Undergrad: 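After the C-alpha cells below, expect a handful of questions from me.
A quick note: this is a predicted structure, and the numbers were derived from the prediction, not measured.
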Amino acid sequence: MMLSRRGLLGGLPLVVAGAARADSAPVRIYAAVTFRAALDPVLAAYRQAGGAAVAIYAPTPLLIRQLAGGAAADILMSADPDWMDEAVRQGLVQAGTRVDLMTNDLVLAGPPGTPAAGTITRGFGIGALLAGGRLAMCDPAHHPAGRYGKQSLRSLGLWQTVEPHIAIAESAPAAIVLVDRGEARAAIAFKTDLHGDDKAVIVGRFAPESHAPILYPAALTRGARNPQAAQALAFLHGPAARRIFAGFGYKVPAE
C-alpha cells in the first residue's frame, strides 16, 4: 500500500511516501525532494520485487541536519555531491557504500517555438534570446541548479550579459513555471525538471565541461539498522530502478 503523509522536519514540510509490507519494517530512505516523481515509482517496483521501503523527502541540507541530530534512516539520497561529501566528513554515512545513482543535464528552457541551440557554448547569443526579458534560475548560493548555472555562464563568458536580467526562483521547477506563465523568457534548470511540462521546451544543453559534474549519490547511513538496507541500496542502483529513472530524464549507468 502506498503511504503519503505530511509532517514537519525542522519546521519545514516533510513528505513520507513509499511501499511497506506488514511482515517487515521498511527501509527508511532520506531523499532529496527533487527525486520524488521518479523515486515513488521505484519504491513501488521495489515492493513488487518483495522489498519494503519508505522515502522521507526534504531538501538535502535539512536531511543531513536531521541525521546529525540522530534521526533514524538507513539510506541517504543526495541531490548534490557536495552535501554527500559533508555527510561523509561528519561520519553520517558509510563512505564505502557511496554510489552515484544517476546524472543529469543542465539545460536552458524556453517557450515552445524558441529555436533549438543544441549545445550551449561560448558565444551563444543569450542576450538576443532574452531580448530584454528575464532569465529565471535558482539562487546560486543556495541551490545546486543555480550554482551549476552560474558556473556555466561564467565559464562561457555569458554571466555579465545575463546578470542584470536574472529572476531568482525558489527551485528549478519554479523557474520553469515562470517560463510557462510568460514571466521569464528562459530558465536554467535540470533536464528532469521539464518532465511532463508541455509549456516549455529545451532550448539547449550547457556544455558539460562548463560546470562541475552533476551527480546524485546515495549511501548507507552510519546508523543503518535495517538488515535489508544494503539490498534496497543495490535495488536503487539496479536495472529496474535505472529504467524508471531514465524514463524521467535522468542519465543512468549502462545495464
Undergrad: When you measure from the side chain of R28 to the backbone N and O of A72, does any donor-acceptor pair fall under 3.5 Å?
TA: yes

Undergrad: Would you find a donor on one side and an acceptor on the other, under 3.5 Å apart, between the side chain of D40 and the backbone of A37?
TA: no

Undergrad: Honestly curious: do V88 and L63 fall in one hydrophobic cluster under the side-chain, below-4.5 Å linking rule?
TA: yes

Undergrad: If two hydrophobic side chains count as joined below 4.5 Å and joins carry through other members, does I168 share a cluster with V179?
TA: no

Undergrad: Under 4.5 Å between any side-chain heavy atoms of I64 and L92, yes or no?
TA: yes

Undergrad: Members other than I202 in its cluster, when Ile, Leu, Val, Met, Phe, Trp, Tyr link by side-chain heavy atoms under 4.5 Å?
TA: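 Besides I202, the hydrophobic cluster comprises V107, I176, L194, listed by chain and residue number.
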
Undergrad: Counting distance only, does the side-chain N/O of T60 pair as donor-acceptor with the main-chain N or O of A79 below 3.5 Å?
TA: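 Confirmed, T60 side chain pairs with A79 backbone.
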
Undergrad: Between D80 and R147, is there a salt bridge with N-O shorter than 4.0 Å?
TA: yes

Undergrad: Hey, are the side chains of L153 and V162 touching, using non-hydrogen atoms and a 4.5 Å cut-off?
TA: yes

Undergrad: Only distances under 3.5 Å count here; give the side-chain donor-acceptor pairs of residues 215-237 to other protein atoms, sequence neighbours excluded, each with its distance to 0.1 Å.
TA:
residue: Y216; atom: OH; partner: N104; partner atom: ND2; Å: 3.1
residue: T221; atom: OG1; partner: A73; partner atom: O; Å: 2.5
residue: T221; atom: OG1; partner: A224; partner atom: N; Å: 3.1
residue: R222; atom: NE; partner: G91; partner atom: O; Å: 3.4
residue: R222; atom: NH1; partner: G91; partner atom: O; Å: 3.2
residue: R225; atom: NH1; partner: G223; partner atom: O; Å: 3.2
residue: N226; atom: OD1; partner: Q228; partner atom: N; Å: 2.8
residue: N226; atom: ND2; partner: A25; partner atom: O; Å: 3.0
residue: N226; atom: ND2; partner: P26; partner atom: O; Å: 3.3
residue: Q231; atom: OE1; partner: Y46; partner atom: OH; Å: 3.2

Undergrad: Check for me, please, whether L108 and V201 land in the same ILVMFWY cluster - side-chain distances under 4.5 Å, paths through other members count.
TA: no

Undergrad: Assess whether a salt bridge exists between D85 and R98, defined as any Lys/Arg side-chain N lying under 4.0 Å from an Asp/Glu carboxylate O.
TA: yes

Undergrad: Under 3.5 Å, is there a donor-acceptor pair between the side chain of R154 and the main chain of W159?
TA: no

Undergrad: Looking only at non-hydrogen atoms, find the nearest pair between F190 and P144 and report the distance.
TA: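 Nearest heavy atoms, F190 then P144: CZ-C, 4.3 Å.
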
Undergrad: Parallel, tilted or perpendicular: which describes the rings of Y250 and F245, with under 30° parallel and over 60° perpendicular?
TA: perpendicular

Undergrad: Please table the atom pairs, donor to acceptor, closer than 3.5 Å between any side-chain atom in residues 119-133 and protein atoms at least two apart or in another chain.
TA:
residue: R122; atom: NH2; partner: S155; partner atom: O; Å: 2.6

Undergrad: Establish whether L106 and L178 are linked, either directly or via other cluster members, by ILVMFWY side-chain heavy-atom contacts under 4.5 Å.
TA: no

Undergrad: Does G149 offer a backbone N or O that forms a donor-acceptor pair with the side chain of S152 under 3.5 Å?
TA: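 Pair absent, no side-chain N/O of S152 close to backbone of G149.
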
Undergrad: State, yes or no, whether a side-chain contact exists between F248 and K191 at a heavy-atom distance under 4.5 Å.
TA: no

Undergrad: Does the Q90 side chain pair with the main chain of A68, one donor and one acceptor, at a distance under 3.5 Å?
TA: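 Not a single qualifying donor-acceptor pair exists.
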
